[in-house]
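So the structure is just underneath, and the comments pick up after that.
Values below: all heavy atoms of this structure, side chains included; hydrogens, waters and symmetry mates excluded. Nothing fancy with the numbering, it's 1 onward along the sequence.
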Amino acid sequence: MKIDMQHTQWSEAEERRLKWGLVVFLLAILGGIHLLDPTFYGTIWHLSMVGDFHGTVEYLRGFGVWAMAVSFFIDVIINIVGFLPSIFLSAANGLVFGIWLGILISWAGETVGVLISFWLMRTIFRDMAKRVIEHNKMLTKLDSYSTMWAMLIARAVPYSPNGLVTALGALSRISYRDYLIGTALGKLPSVAIEVVVGHDVVLASENQTRLMVMIAGITIVYGGLWWWKRKKDQRDAARQAQDKSAQDEAEK
């Protein structure tokens, strides 16, 4: 018994040290970037808040061969923060690197960013995650974000609020494994849509047909998913009402 208790205490201590070690490592990387380029974070903040697409394109191109790594890192930072929009960056990636490479870079950056954000919210900033959910009146929906498929569907919706979905996942019962798989798979179609649509809107004269087909396809697919979810919620509500009615009858 004494050995087991010592092992438990050691495990908890090791886990605590590992957690704070990772935090220090992350802060060291962020601090190192600031020392190398004191204007980096201010530029990211300005570009994201203004949504300056053309400014983002020129900023990335200014890094030359390092542009891909810089774009990936910016995407990670934006998705760790959670409330900064990344749409402008996805569109810029499509224009700077081409559609396929732009999708890959955007998907990798967003996936890594929301994974780090998920870990931070679950282990350190749980109170902040709870405030985000309470502000959006989503506390009652925690259980519905506890599975891999639910997270996949939530992440597959383009232009969805990353910070809110991450907070819901962090406070739900979903495992790290299911969150990783659901996020990685769900992010792929949503990022692809953001990159392609952003790219084709800028170059509409060259890609008008593809843009129209893409918009029509998005409308049909996501409209169908919305209709299916609405019907499912109605059926679930009706079933719960019937179960409650039957329970009330049984108690009488």
Side-chain angles (χ1 to χ4, degrees), residues 8 11-31 33 41 44-45 48-49 72-87 89-90 106-191 193-194 222 225 229 232-233 236:
T8 301
S11 298
E12 291 176 352
E14 285 295 309
E15 183 179 349
R16 195 158 49 246
R17 280 196 290 270
L18 176 62
K19 179 172 68 176
W20 287 108
L22 289 172
V23 171
V24 170
F25 177 71
L26 181 61
L27 290 175
I29 293 177
L30 298 177
I33 295 295
Y41 296 115
I44 294 175
W45 178 269
S48 59
M49 295 305 293
F72 170 82
F73 186 75
I74 293 174
D75 233 339
V76 170
I77 294 299
I78 286 175
N79 284 276
I80 288 176
V81 174
F83 62 85
L84 294 175
S86 61
I87 302 169
L89 184 59
S90 298
S106 299
W107 171 78
E110 289 199 23
T111 301
V112 171
V114 295
L115 286 175
I116 295 173
S117 181
F118 173 80
W119 177 77
L120 288 172
M121 284 191 179
R122 173 162 282 190
T123 60
I124 299 175
F125 301 118
R126 289 185 67 86
D127 290 340
M128 184 181 73
K130 188 174 181 180
R131 285 196 297 271
V132 169
I133 295 173
E134 288 175 340
H135 178 72
N136 289 273
K137 300 178 180 178
M138 297 285 283
L139 274 176
T140 57
K141 296 185 177 293
L142 274 180
D143 288 342
S144 63
Y145 285 83
S146 300
T147 66
M148 179 190 70
W149 290 108
M151 187 55 59
L152 190 154
I153 292 171
R155 292 299 189 191
V157 178
Y159 314 112
S160 61
N162 276 326
L164 176 59
V165 176
T166 302
L168 285 165
L171 292 181
S172 73
R173 299 187 308 273
I174 192 170
S175 66
Y176 280 95
R177 172 184 172 277
D178 287 351
Y179 180 83
L180 169 61
I181 295 173
T183 294
L185 295 179
K187 273 289 179 185
L188 191 54
S190 64
V191 167
I193 289 170
E194 292 174 5
Y222 285 97
L225 287 174
K229 188 176 185 305
K232 181 178 179 297
D233 290 343
D236 291 344

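Here the shortest heavy-atom pairing between Ser190 and Ala156 reads CB-O, 3.4 Å. Nearest heavy-atom pair across Val165 and Ala154 is CG1-CB, 4.0 Å. Shown here for Ser106 and Val191, the closest heavy-atom pair between the two residues is CB-CG1, 3.5 Å. Taking each heavy atom of Met121 and Ala170 in turn, the nearest pair found is CB-CB, 3.7 Å.
Judged purely by atom type and a 3.5 angstrom limit, Trp107 has no side-chain atom pairing as donor or acceptor with the backbone of Pro189. A donor-acceptor contact shorter than 3.5 Å is absent between the side chain of Ser117 and the backbone of Val114.
Ile78 contributes atom CD1, which lies 11.0 Å from atom CZ of Phe73 (distance to the nearest 0.5 angstrom). The line from CG of Leu171 to CZ of Phe118 is 9.5 Å long, rounded to the nearest 0.5 Å. Expressed to the nearest 0.5 Å, how far CD1 of Ile74 lies from CG of Asn79 amounts to 12.0 Å. The CG atom of Asp75 lies 9.0 Å from the OG1 atom of Thr111; values are rounded to the nearest 0.5 Å. Once rounded to the nearest 0.5 Å, the distance linking CD1 of Ile174 with CH2 of Trp149 reads 12.0 Å. A distance of 11.5 Å separates CD1 of Ile193 from OG of Ser90, quoted to the nearest 0.5 Å.
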Self-check item: side chain to side chain contact (heavy atoms under 4.5 Å, CB included) assessment of Asp178 paired with Thr147
Solution: CA-CA 7 Å; Asp178 287 351; Thr147 66; 6.0 Å; no

Practice problem: Would you please test Leu180 and Met148 for side chain to side chain contact (heavy atoms under 4.5 Å, CB included) and show each step? | Solution: CA-CA 8 Å; Leu180 169 61; Met148 179 190 70; over 6 Å; no

Exercise. Report the C-alpha distance between Met151 and Thr166 in whole Å, list the side-chain angles of each, state the deciding distance to 0.1 Å, and finish with yes or no for side chain to side chain contact (heavy atoms under 4.5 Å, CB included).
Key: CA-CA 9 Å; Met151 187 55 59; Thr166 302; over 6 Å; no

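Relative to the ring axis of Tyr179, Arg122 does not place its NZ or CZ within 45° and under 6.0 Å from the centre.
Residues Ser86 and Glu110 are in side-chain contact: their nearest non-hydrogen atoms beyond the backbone lie under 4.5 Å apart. Between Asn162 and Arg155, some side-chain heavy-atom pair lies under the 4.5 Å cut-off.
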